[in-house]
Amino acid sequence: MAEAQARQRGGNAGDGSAAAEDGVRYEVDGEIATITLARPDKRNAQTFATWSALARIGESLPEQVRVVVVKGEGPSFSAGIDLRMFTPEGVPGQGSFSTAVKIGDAGFEQRIRQAQAGFLWLRRPEIVSIAAVQGHAIGAGFQLALSCDLRIVAEDVAFCMKEPALGLVPDLTGTKPLVDLVGLAKAIDICLTARTVHADEAMRIGLAEQVVARGDLEQAVQDKIAQLLSTNRDAAAATKRLLQGASHRTLEEQSVAEGIEQAARIKALFG
């Protein structure tokens, strides 16, 4: 019953009328949630509605979900921001950047934080998020992939941080994970040249965990899900918390954190 309710509730990111506007499909099947960017005619370009939909999914994610898969429909993962947002007319019903700035600095900063909320929840310790990336992952698309814990990519993947070339900065939470993954110098190179990173380089520098043929992408993701679900749920969450905090702690602090987490696990298993 719970699974059926979750599947029904997850049919899209909002109600039926919102689905066509935000271009996001969402379904829950037991411990697996799948988010699909579903505007293939626009190469899954993102808008304010897309980011709101992602945030709503994070807010309502059922407790039983352990793995979240983010993917794009069609030849591209996501080509980035919908270019209509750069025009005075904007996206129908959503406006544009020029209309957004008219709400004032505080209002605009709040809107950015609301957009970022759609990306931040993908790093929660209690889930593992997987980006299944094919074709273009540009700008906001690149940052959505970076928001996930793992990136399994097709051989035709093309990562690009386009924002600086458009006079913008990457503001959808992508700068920190990029630096964490590839280092400061490589992140500067990728962002400030707005060049394309293809599959072989992505694998070499740590942007991708696995590169597969385009036709094998779905199966590779399913295989990874099976591996992830084979581990103890609570131990996996505790281990992810340790790994996420490791870079901010000294060795002694990390050792203490390990001890605290292990004491909780031993008590849960044998207490």
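Keep in mind that what you see is a predicted model, and the values were worked out from it rather than measured.
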Would you find a donor on one side and an acceptor on the other, under 3.5 Å apart, between the side chain of [X] and the backbone of [Y]?
X: K240; Y: R124; value: yes
X: R195; Y: I190; value: no
X: R241; Y: P125; value: no
X: K71; Y: L37; value: no

Could you go step by step and tell me if E27 and I35 meet the side-chain contact (heavy atoms from CB on, under 4.5 Å) rule? CA-CA 7 Å; E27 61 180 340; I35 299 169; over 6 Å; no
Who passes side-chain contact (heavy atoms from CB on, under 4.5 Å) against T173, sequence neighbours left out?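 Applying side-chain contact (heavy atoms from CB on, under 4.5 Å) to T173 gives Q116, F119, L120, R123, S147.
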C191 and L178: CA distance, side-chain angles, deciding distance, side-chain contact (heavy atoms from CB on, under 4.5 Å) verdict: CA-CA 10 Å; C191 291; L178 181 61; 3.5 Å; yes
Provide the closest heavy-atom pair for [X] versus [Y] in the form atom of the first, atom of the second, distance.
X: A132; Y: V221; answer: CB-CG2, 3.7 Å
X: L122; Y: S129; answer: O-OG, 2.8 Å
X: S230; Y: Q227; answer: OG-O, 2.5 Å
X: Q134; Y: G72; answer: NE2-O, 2.9 Å
X: A33; Y: V28; answer: CB-CG2, 4.1 Å
X: A145; Y: A131; answer: CA-CB, 3.9 Å

Distance (rounded to the nearest 0.5 Å) between [X] [atom1] and [Y] [atom2]:
X: I138; Y: H136; atom1: CD1; atom2: NE2; answer: 4.5 Å
X: D149; Y: I127; atom1: CG; atom2: CD1; answer: 7.0 Å
X: R233; Y: L228; atom1: CZ; atom2: CG; answer: 12.5 Å
X: F48; Y: R111; atom1: CZ; atom2: CZ; answer: 4.0 Å
X: D216; Y: Q222; atom1: CG; atom2: CD; answer: 13.0 Å
X: D171; Y: E109; atom1: CG; atom2: CD; answer: 11.5 Å

Kindly indicate, with the supporting measurements, whether the criterion side chain to side chain donor-acceptor pair (under 3.5 Å) is fulfilled by Q219 and D223. CA-CA 6 Å; Q219 187 58 53; D223 290 345; 2.8 Å; yes
Within the structure provided, determine whether [X] and [Y] are in side-chain contact (heavy-atom separation under 4.5 Å).
X: V153; Y: Q210; answer: no
X: V68; Y: L61; answer: yes
X: I152; Y: K224; answer: yes
X: I225; Y: I32; answer: yes
X: E253; Y: V256; answer: no
X: L229; Y: R66; answer: yes
X: T175; Y: L146; answer: no
X: L144; Y: V70; answer: yes

Would you sort out whether R39 and D22 count as a salt bridge (charged side-chain N to carboxylate O under 4.0 Å, His left out), showing the intermediate values? CA-CA 9 Å; R39 300 177 69 212; D22 59 42; over 6 Å; no
Under a 3.5 Å threshold, yes or no: a donor from one side chain and an acceptor from the other, between [X] and [Y]?
X: W51; Y: Q46; answer: yes
X: N44; Y: S76; answer: no
X: R113; Y: Q110; answer: yes

Quick one: do L207 and F159 satisfy side-chain contact (heavy atoms from CB on, under 4.5 Å)? Show the steps, please. CA-CA 9 Å; L207 280 179; F159 290 117; 4.3 Å; yes
Quick check: are there more than 12 heavy atoms from other residues, nucleotides or ligands sitting under 6.0 Å from CD of Q254?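 Count over threshold, so yes.
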Give the intermediate values and the outcome of side chain to side chain donor-acceptor pair (under 3.5 Å) for residues E163 and Q143. CA-CA 11 Å; E163 284 85 349; Q143 293 186 79; 2.9 Å; yes
Check whether [X] and [Y] end up in the same hydrophobic cluster, where Ile, Leu, Val, Met, Phe, Trp and Tyr are linked by side-chain heavy atoms less than 4.5 Å apart.
X: V24; Y: V67; result: no
X: F77; Y: L217; result: no
X: L192; Y: L166; result: no
X: V65; Y: V69; result: no
X: V179; Y: M161; result: no

Hey, is R43 close enough to E73 for a salt bridge, meaning N to O under 4.0 Å?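 Looking at R43 and E73, the cut-off is not met.
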Might you work through the side-chain contact (heavy atoms from CB on, under 4.5 Å) test for C148 and I130, ending with a clear yes or no? CA-CA 6 Å; C148 294; I130 304 172; 5.9 Å; no
Run the side chain to side chain donor-acceptor pair (under 3.5 Å) test on T47 and D82 for me, step by step, so that the C-alpha distance in whole Å, both residues' side-chain angles and the decisive distance to 0.1 Å come before the verdict. CA-CA 6 Å; T47 66; D82 190 318; over 6 Å; no
Partner set under side-chain hydrogen bond (donor to acceptor under 3.5 Å, both in side chains) for D156, not counting sequence neighbours: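 Checked D156 against side-chain hydrogen bond (donor to acceptor under 3.5 Å, both in side chains); matches are R214.
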